[in-house]
Structure formats: C-alpha cells, structure tokens
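Remarks on the structure that follows.
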Amino acid sequence: MSAVSSRLPVFPWDRLEPYKATAAAHPDGIVDLSVGTPVDPVPAVIRQALTDAADSPGYPTVWGTAALRDALTGWAERRLGAEGLTHANVLPVVGSKELVAWLPTQLGLGAGDKVAYPRLAYPTYEVGARLAGAEPVVYDDPTELDPTGVRLLWLNSPSNPTGRVLSKDELRAAVAWAREHDVLVFSDECYLELGWETEPVSVLHPEVCGGSYEGLVAVHSLSKRSNLAGYRSAFLAGDAAVLGELLQIRKHGGMMIPAPVQAATVAALGDSAHVAEQRARYAARRAALRAAFEGAGFRIEHSEASLYLWATRDEPCWETVGSLAERGILVAPGEFYGVAGERFVRVAFTATDERVEAAVRRLAQ
C-alpha cells in the first residue's frame with residue numbers, strides 16, 4: 001500500500017510549535033494571532049436552533065432538508081445578488097476545508113490534469129490537487145495561464161492570506177477566460193461578508209457571470225460570519241450540473257452535515273443582526289492591531305477584507321515570527337501561503353478584546 005501522505009507537503013502548522021512555546025512563556029501569556037479561529041460566542045439564536053433540533057435520531061441527508069436548501073438559495077439571492085437559484089443550485093458541505101481538499105478527487109481529476117490557484121493562497125488548494133494526483137499550478141493572473149491541462153481554477157476573493165479583493169472586472173475576465181477554455185471555476189468566497197475598505201463581489205453576481213452559472217461554483221462558510229467553525233457548516237452555490245454530480249458522489253461517501261447543525265445553519269442564514277454585531281467586533285480589533293503594527297514599523301499591504309493583516313518589516317518571515325514570539329505574540333509566517341510570502345506574516349484579528357489590547361501594549365514597548 002502506497003502512503004498517500006507522501007504526496008503532500010509537511011503540515012505547515014507543525015513548524016510553528018517552537019515559536020508558540022516561546023510566546024506561551026511570556027509572563028502575561030500568549031497572544032495567538034496565528035490561526036483565524038473564532039473566539040467569540042456562538043450567537044444565541046443559533047444555539048437555540050441547535051438545541052431545539054438535538055433530538056435527531058435518524059440519519060440526515062447529504063442534500064440537507066428543504067428548509068436548509070431554502071435558506072441557502074434565499075441567502076445567496078439576498079447577499080450575493082444571485083438570480084433564479086433553485087435547490088439544484090446549492091449543496092451543503094461539511095466545512096469548506098473538507099470540500100477544498102477533496103474536490104479534485106471528487107471531480108475525477110488525476111495524472112495529467114492541472115489545478116490552478118493564486119500564487120499566495122490557502123495551502124489546501126495544493127493539498128487537494130496532490131491528493132488527486134493532479135498537478136498544482138500557481139498564477140498571478142488567471143487569464144495569463146497556459147490553459148493546457150487546466151481542469152479546475154480556484155479563485156479566492158477576499159484572499160486568505162492577503163485580504164485582497166478582486167474587482168468585478170477582474171472576476172469577469174477570469175470567468176470569460178475559463179469559459180473560453182472549458183475550465184471549471186470554483187470561487188472561494190468564505191470571507192465575503194468581511195469587507196472593510198471595499199465591498200467584495202461574488203462570482204455569481206449577474207454583472208460577473210452574465211446571468212449564467214455554467215461552469216461556476218461559489219464556496220461559502222459560516223465559520224467566520226457566524227462563529228461556527230466548530231459546527232463545520234459550509235455550502236456551494238452555482239452550476240446545477242456540477243453540484244448534481246457532487247451530490248451523487250457525496251451520497252455514496254456519506255458526507256452529510258448533522259441534522260442539528262443543518263437547523264442551526266437555517267437560523268444563522270436567516271439572521272443578520274449577529275453578523276453586524278460580529279463585524280463590529282472585528283472592525284475594532286482590526287483598527288487597533290493595524291495601528292499598533294504600523295506603529296511598530298510594519299507595512300500593511302492589501303488587507304482590505306478578510307480577518308487578517310498582511311504585514312511586513314521587509315525581513316525574512318521567520319525572523320519576524322521569532323521576534324514577535326519573544327513579545328508573546330504568535331503570527332503565521334507568510335511562507336505558509338507560498339514562496340511569494342516569505343517576507344510577510346499573516347496577523348489574525350480573531351483574538352479576544354483583552355488579548356488584542358495586550359498585543360497593542362506589547363507592540364508599543
């Protein structure tokens with residue numbers, strides 16, 4: 001039996017452990033700004049829905065309840081501007097990372113196929129390609145790719161790690177290129193509700209897709225907008241033919257969201273008040289950390305959306321990580337997201353208010 005793990009890169013976060021230990025030794029404790037994991041409470045309306053659905057002894061379905069599909073199509077129409085969606089245009093998934101990692105395999109990609117993604121990117125795009133035995137390919141501009149062998153094109157706006165947002169014109173150009181070359185587009189839009197200096201746009205917006213979802217799928221998650229990382233609730237919206245094929249495969253694989261989580265997702269997508277409240281928390285933390293890092297000699301690039309600051313002192317990223325760890329602050333080295341990030345660090349503003357205040361004090365010293 002061959003070891004599939006041999007196809008994969010070293011799990012990046014393991015390399016951060018020594019720095020985490022250094023930061024944790026700080027007399028006032030660690031300020032962990034490395035992983036963008038929610039720390040604020042799950043909104044009460046969502047917890048109540050989960051509790052009310054707790055008596056769910058039977059198997060849930062992969063496609064989800066009709067109420068869940070109604071919630072997905074309704075939210076996508078209201079929030080993304082997508083028009084004319086039916087249940088065939090949506091599919092719940094067990095967290096977006098699972099989808100990203102296994103999508104190329106579920107699409108039947110393999111040797112001779114290419115999966116393209118941004119040069120600075122979430123590492124799981126590469127992992128997904130390698131798990132399928134396909135070739136990972138990076139790009140600066142997707143329209144400049146050699147289309148030979150490219151079967152899947154990942155877009156990511158707002159970007160993890162940089163927070164960069166693609167304009168409607170850039171999205172339109174990418175969609176037109178992909179359609180011209182018969183390349184399937186998956187657009188990772190998990191941070192779309194967290195635009196700060198600009199308003200992110202979905203690939204499903206009619207001014208981008210031209211009113212057709214052919215060859216286009218958007219990926220969305222409730223982890224960030226609703227503090228539901230622990231619930232593993234995400235979904236796809238777009239091309240009905242693509243989602244129908246994935247649905248059949250996922251039925252055989254038993255890839256289903258637990259019934260109480262489905263009910264919680266319906267509640268989360270039906271309530272906008274908690275989203276505005278959480279945005280306000282993040283906006284305050286972002287402003288405080290940005291000012292503190294800039295005051296400490298950092299330059300912030302992009303970062304107009306998402307939960308991160310893309311910061312540099314024009315030095316190797318591991319030097320920056322080490323220096324900040326001595327102050328009890330842990331950040332992610334930009335190298336995790338590609339060699340183009342080797343002089344940057346990614347700073348998450350998902351710590352509590354108290355920990356953010358501690359980081360601000362330490363950066364001022």
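A 4.5 Å side-chain heavy-atom check between Val261 and Leu228 finds every atom pair outside the cut-off. Counting only heavy atoms from C-beta outward, the side chains of Gln262 and Ser56 never approach each other to under 4.5 Å. Within the 4.5 Å cutoff, the side chain of Leu309 has no heavy atoms near those of the Phe298 side chain. In this structure, Ser223 and Arg232 have side chains that are in contact, with non-hydrogen atoms separated by less than 4.5 Å. Side-chain contact between Val208 and Ser202 is absent, with no heavy-atom pair separated by less than 4.5 Å. Contact of the Glu326 side chain with the Thr22 side chain is registered, since non-hydrogen atoms from C-beta on lie closer than 4.5 Å. Using a 4.5 Å cut-off on side-chain heavy atoms (C-beta onward), Leu289 and Leu33 make contact. Here the side chains of Ile329 and Leu363 are in contact, with some heavy-atom distance below 4.5 Å.
Test Val100, Leu153, Leu103 against Phe186 for side-chain contact (heavy atoms from CB on, under 4.5 Å) and you get one pass: Leu103.
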* Go through the steps for Asp188 and Tyr125 under the test side chain to side chain donor-acceptor pair (under 3.5 Å), then give the verdict. => CA-CA 10 Å; Asp188 182 346; Tyr125 302 136; 2.7 Å; yes

* Under the side-chain contact (heavy atoms from CB on, under 4.5 Å) criterion, do Leu330 and Val31 qualify, and how do the steps go? -> CA-CA 6 Å; Leu330 189 68; Val31 178; over 6 Å; no

* Could you walk me through whether Arg119 and Asp141 pass the salt bridge (Lys or Arg N to Asp or Glu O under 4.0 Å) check? -> CA-CA 9 Å; Arg119 188 173 302 279; Asp141 179 343; over 6 Å; no

* In sequence, state the C-alpha distance, the side-chain angles, and the governing distance for Val94 and Arg250, and then conclude on side-chain contact (heavy atoms from CB on, under 4.5 Å). => CA-CA 10 Å; Val94 192; Arg250 294 171 72 84; 4.2 Å; yes

* Quick one: do Phe235 and Thr265 satisfy side-chain contact (heavy atoms from CB on, under 4.5 Å)? Show the steps, please. => CA-CA 10 Å; Phe235 65 94; Thr265 300; 5.7 Å; no

* Mind running salt bridge (Lys or Arg N to Asp or Glu O under 4.0 Å) on Arg290 and Glu197 for me, showing each step along the way? => CA-CA 13 Å; Arg290 180 164 193 153; Glu197 297 167 12; 3.2 Å; yes

* Intermediate values then yes/no, side-chain contact (heavy atoms from CB on, under 4.5 Å), Gln278 and Asn227 -> CA-CA 8 Å; Gln278 189 60 44; Asn227 298 339; 2.9 Å; yes

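Between the side chains of Asn160 and Tyr337, no donor-acceptor pair of N or O atoms lies under 3.5 Å. Defined by atom type and a distance below 3.5 Å, a donor-acceptor pair is missing between the side-chain atoms of Thr198 and Glu304. Counted by atom type alone, Asp169 and Ser167 present zero donor-acceptor pairs between their side chains at under 3.5 Å. Side chains of Arg313 and Ser323: a donor on one and an acceptor on the other come within 3.5 Å. A donor and an acceptor atom, one from each side chain of Thr73 and His87, are nowhere located under 3.5 Å apart.
Two rings, from Trp13 and Phe336, have their centers less than 6.0 Å apart. Ring centroids of Tyr122 and Trp154 are separated by 6.0 Å or more, keeping the two rings apart. Aromatic ring centres of Tyr191 and Tyr308 lie closer together than 6.0 Å.
Rounding to the nearest 0.5 Å gives a distance of 10.0 Å between OG of Ser96 and CG of Leu222. For the atom pair OG of Ser157 and CG of Leu192, the computed distance is 7.5 Å after rounding to the nearest 0.5 Å.
In summary, Glu170 and Arg164 engage in a salt bridge, as defined by a charged side-chain N under 4.0 Å from a carboxylate O. We find that Glu335 and Arg15 are joined by a salt bridge, their nearest charged nitrogen and carboxylate oxygen being less than 4.0 Å apart. The pair Arg79-Glu199 counts as a salt bridge, with a side-chain nitrogen and a carboxylate oxygen less than 4.0 angstrom apart. The pair Asp28-Arg362 meets the salt-bridge criterion, with a side-chain N (NZ, NE, NH1 or NH2) lying under 4.0 Å from an Asp/Glu carboxylate O. Using a 4.0 Å cut-off between charged nitrogen and carboxylate oxygen, Glu315 and Arg343 do not count as a salt-bridge pair. Taking a cutoff of 4.0 Å between a charged side-chain nitrogen and a carboxylate oxygen, Glu301 and Arg299 qualify as a salt bridge.
Within a 6.0 Å radius of CG in Asp55, no more than 12 heavy atoms belonging to other residues, nucleotides or ligands are found.
Counting only distance, with no hydrogens or angles, the side chain of Arg281 and the backbone of Thr352 share no donor-acceptor pair below 3.5 Å. Remark: the backbone N or O of Ala134 is not paired with any side-chain donor or acceptor of Asp113 at under 3.5 angstrom. No donor-acceptor pair under 3.5 Å is formed between the side chain of Lys224 and the backbone N or O of Leu307. In terms of modelled atom types and a separation under 3.5 Å, the side chain of Arg172 and the main chain of Glu207 share a donor-acceptor contact.
Following chains of ILVMFWY side-chain contacts shorter than 4.5 Å, one cannot reach Met255 starting from Leu91, and the two form parts of different hydrophobic clusters.
Both tests hold for Arg279 against Trp196: distance to the six-membered ring centre under 6.0 Å, angle to the ring axis within 45°. Cation-pi geometry between Arg346 and Trp310 is not satisfied (NZ or CZ under 6.0 Å from the ring centre, within 45° of the ring normal).
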